Every structure is written in structure tokens, then in C-alpha cells.
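Worksheet: one structure, shown below.
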Amino acid sequence: MGGGGFTMEPENPALDDYVLSLARRPVPKICLLPTASGDGEAQIRQFHATFGARACDAMHISLFRLGSRPIPLRETLLGQDIVYVGGGSMLGLLAVWRALGLDKILRECWEAGVVLAGLSAGAMCWFEWGVTKSMGAPATSPGLGFLKGSLTVHMDGEPARLPVYRAAVADGSIPPGYAADDGVGLLFRGEQLAEVVSSRPNRQALRIGAQEERLEPRLLTGSDRFGDEADIAEFRAVRSLRGR
């Protein structure tokens with residue numbers, strides 16, 4: 001996602017419902033990795049406020065607090081249906097992940113069919129390259145490389161990123177790829193782009209290479225909502241009984 005989701009659109013669940021709909025189970029397990037925000041409490045609280053109201057099992061892993069709250073990372077992440085990566089510093093995110101071996105664990109999750117999702121830094125990290133503002137001014141930065149090519153985010157919300165991205169693609173510093181507005185999501189199945197969606201009207205994505213191609217998103221509507229109110233109410237009731 002170029003931007004959006006629970007941290008940027010708390011009153012618009014369209015993208016988050018879309019993420020949940022990609023899971024294989026009707027009540028998916030979803031785990032937030034808020035590493036890019038330094039495990040910021042505001043991001044964690046908003047995640048649970050959003051996904052706690054949906055028919056899913058939501059949890060988060062605070063990597064900066066593993067010393068006091070240890071958790072088996074590989075087993076926990078492989079047991080999820082969805083891993084959702086929050087926004088923040090792409091450089092900080094990747095440094096911590098690599099130090100703890102999460103780059104290898106997440107690759108294993110991806111190959112096992114776990115849905116990998118995220119916004120901003122949590123979207124660019126899956127590509128070979130992105131455009132980060134971790135040091136202030138926009139600059140290109142390598143990612144994990146699960147997906148070939150590159151991605152820049154917040155195309156409409158932070159327009160200073162796009163000229164840096166275009167110039168880097170043009171001079172061959174980074175491979176061609178995509179640019180996405182806030183509210184726009186790119187769905188990849190394997191390494192192939194399968195669909196472009198948006199939580200808001202009049203948004204766009206671009207495929208940027210030797211030439212630029214505009215990608216028109218499909219506007220998410222009420223029919224894309226994950227679970228109806230009866231399903232959610234039943235799930236909450238069952239979870240409440242289990243808690244007793």
C-alpha cells in the first residue's frame with residue numbers, strides 16, 4: 001500500500017478488509033510488525049482497535065521488547081495467515097530484521113503462502129529498492145528483494161519522493177517499478193502484479209520504466225467488506241466465552 005490502512009484511514013476499513021480477504025481461512029490470524037515505527041504504541045493501539053473489531057485473531061510482535069517479552073519468532077510468524085508491516089523508517093526496519101534473522105523467516109513465510117502486507121516502509125521493504133525518508137530527504141534504499149523491481153509510496157501525499165524515484169530509474173541506479181498514491185494497494189501473486197485497488201476515488205498508481213503507464217485502481221466498495229456484522233458479532237461472542 002502506498003499509504004492508507006488503519007494508521008492513515010482509521011475511519012475507512014476498505015484496504016484492511018481487503019488484506020483480510022486474501023487469507024485462506026474465514027477467521028485469519030494476523031500479526032502486526034510495527035518495527036519501522038520503533039514499536040510505537042500509537043500504531044499498536046490503532047492496529048488492535050481496527051482488527052479487534054473484525055473477525056480475525058490479531059496480535060503484534062514488538063521486536064524492541066523481545067528481551068522482556070520473548071517469543072519464538074519463526075514458529076509464531078509461520079503460524080500466521082497474514083503478516084502486516086507498519087510504516088516508519090525503512091532503514092531501521094531492515095536493520096533490526098536482519099539482525100534478528102527475520103529477513104530469512106519472512107522469506108520462508110512468503111514461500112509457505114503467508115500473506116505479506118504493509119504500507120509505506122512496510123510496502124517498499126518487499127522490493128529490491130524503495131525511496132525512503134529515513135534520513136530526512138528522499139533517497140533510494142535497497143529492500144529485501146522478494147519482489148523484483150522497485151516501489152515508491154505516498155505519491156500524492158509526499159510528492160518530493162517521485163522526482164527522486166524517476167531520476168534513479170532513468171539513470172539505471174535502481175530497476176523500474178511502481179509508484180502508488182496514498183490509499184492505493186498493489187496485489188502481487190507470486191512475483192506478478194495481479195490487481196491494483198484503492199480505498200478512495202481518483203487515486204492512481206504508475207508503472208515507471210523507459211515509459212510511464214498509468215494503472216487505474218479498482219475502487220473498493222461495500223461488497224469488498226470482510227465479513228458481515230453478524231459474522232463479527234458471533235466471533236466476538238465466541239472469543240468472549242473462550243476468555244472465561
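Note that this is a predicted model, so its numbers are computed, not measured.
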More than 12 non-hydrogen atoms from neighbouring residues, nucleotides or ligands closer than 6.0 Å to CD on Glu75, yes or no?
yes
On a heavy-atom basis, the closest approach of Cys125 and Gly122 is SG-O, 3.7 Å
To the closest 0.5 Å, what do you measure between CG (Leu77) and NZ (Lys29)?
12.0 Å
If we only count heavy atoms from C-beta on, is the Thr76 to Met59 side-chain gap below 4.5 Å?
yes
Using side chain to side chain contact (heavy atoms under 4.5 Å, CB included), reason through Leu73 and Leu102 one step at a time and then give a plain yes or no.
CA-CA 8 Å; Leu73 294 175; Leu102 254 76; 3.4 Å; yes
Any chain of hydrophobic side-chain contacts (each under 4.5 Å) joining Leu20 to Trp110?
no
Consider only side-chain heavy atoms of I, L, V, M, F, W and Y, link residues closer than 4.5 Å, and tell whether Leu15 and Ile30 are in one cluster.
yes
How long is the straight-line distance from OG of Ser120 back to CD of Glu158, given to the nearest 0.5 Å?
6.5 Å
Using a 3.5 Å distance criterion without hydrogens, assess whether the side chain of Ser150 forms a donor-acceptor pair with backbone atoms of Pro175.
yes
Any chance you could measure Ile82, atom CD1, to Arg24, atom CZ, to the nearest 0.5 Å?
11.5 Å
Main chain of Arg207, side chain of Glu213: is a donor-acceptor contact present, judged purely on distance under 3.5 Å?
no
Heavy-atom count check: over 12 atoms from other residues, nucleotides or ligands less than 6.0 Å from Asn202 CG?
no
Looking at side-chain heavy atoms only, is the closest gap between Thr152 and Tyr178 below 4.5 Å?
no
Cluster check Ile105, Leu147: I/L/V/M/F/W/Y, side chain < 4.5 angstrom:
yes
Tell me whether the centres of the aromatic rings in Phe226 and Tyr18 are closer together than 6.0 Å.
no
Would you indicate whether Glu216, at its atom CD, is surrounded by more than 12 heavy atoms from other residues, nucleotides or ligands within a distance under 6.0 Å?
yes
Is there a side-chain contact between Arg218 and Asp224 in this structure, where contact means two heavy atoms from C-beta onward sitting under 4.5 Å apart?
yes
Do Phe188 and Phe146 have side chains that get closer than 4.5 Å, going by heavy atoms?
no
Would you kindly say whether Glu9 and Ser199 are connected by a side-chain donor-acceptor distance under 3.5 Å?
yes
Run the numbers on Arg225 and Arg54 for side chain to side chain contact (heavy atoms under 4.5 Å, CB included), then give the verdict.
CA-CA 10 Å; Arg225 186 175 176 84; Arg54 318 243 50 83; 3.0 Å; yes
Going by an N to O cut-off under 4.0 Å, is there a salt bridge joining Arg25 and Asp81?
yes
Look only at the side chain of Thr132 and the backbone of Ser134, and say whether a donor-acceptor pair between them is shorter than 3.5 Å.
yes
Quick one: does Ser68's side chain have a donor or acceptor within less than 3.5 Å of a partner on Arg65's backbone?
yes
Rounded to the nearest 0.5 Å, what's the gap from CG on Leu22 to CG on Leu116? Could you check?
11.0 Å
Might you work through the side chain to side chain contact (heavy atoms under 4.5 Å, CB included) test for Val184 and Val196, ending with a clear yes or no?
CA-CA 7 Å; Val184 172; Val196 182; 3.8 Å; yes
SB check Arg107 Glu111 (cutoff 4.0 Å):
yes
Under 3.5 Å, side chain of His154 to main-chain N/O of Gly2, donor-acceptor pair present?
yes
Backbone of Gly177 reached by a side-chain donor or acceptor of Tyr165 within 3.5 Å:
yes
For residues Trp97 and Leu93, determine if any side-chain heavy atom of one lies less than 4.5 Å from a side-chain heavy atom of the other.
yes
Side-chain ion pair, Arg214 and Glu212, N-O less than 4.0 Å
no
For the pair Arg200 and Asp181, find out whether any cationic side-chain nitrogen is under 4.0 Å from an anionic carboxylate oxygen.
no
Kindly give the heavy-atom pair with the smallest separation between Leu219 and Pro201, and that separation in Å.
CD1-N, 3.6 Å
Steps toward side chain to side chain contact (heavy atoms under 4.5 Å, CB included) verdict (Phe127, Lys148)
CA-CA 6 Å; Phe127 289 80; Lys148 302 295 183 184; over 6 Å; no
Is there side-chain contact between Leu206 and Arg166, with at least one heavy-atom pair below 4.5 Å?
yes
With a 4.0 Å cut-off, would you call Arg203 and Asp156 a salt bridge?
yes
Is any side-chain heavy atom of Thr35 closer than 4.5 Å to one of Val85?
no
For this output row, return yes or no: ring centroids of Tyr84 and Phe51 closer than 6.0 angstrom.
yes
Side chains of Met124 and Val153: closer than 4.5 Å at any heavy-atom pair?
yes
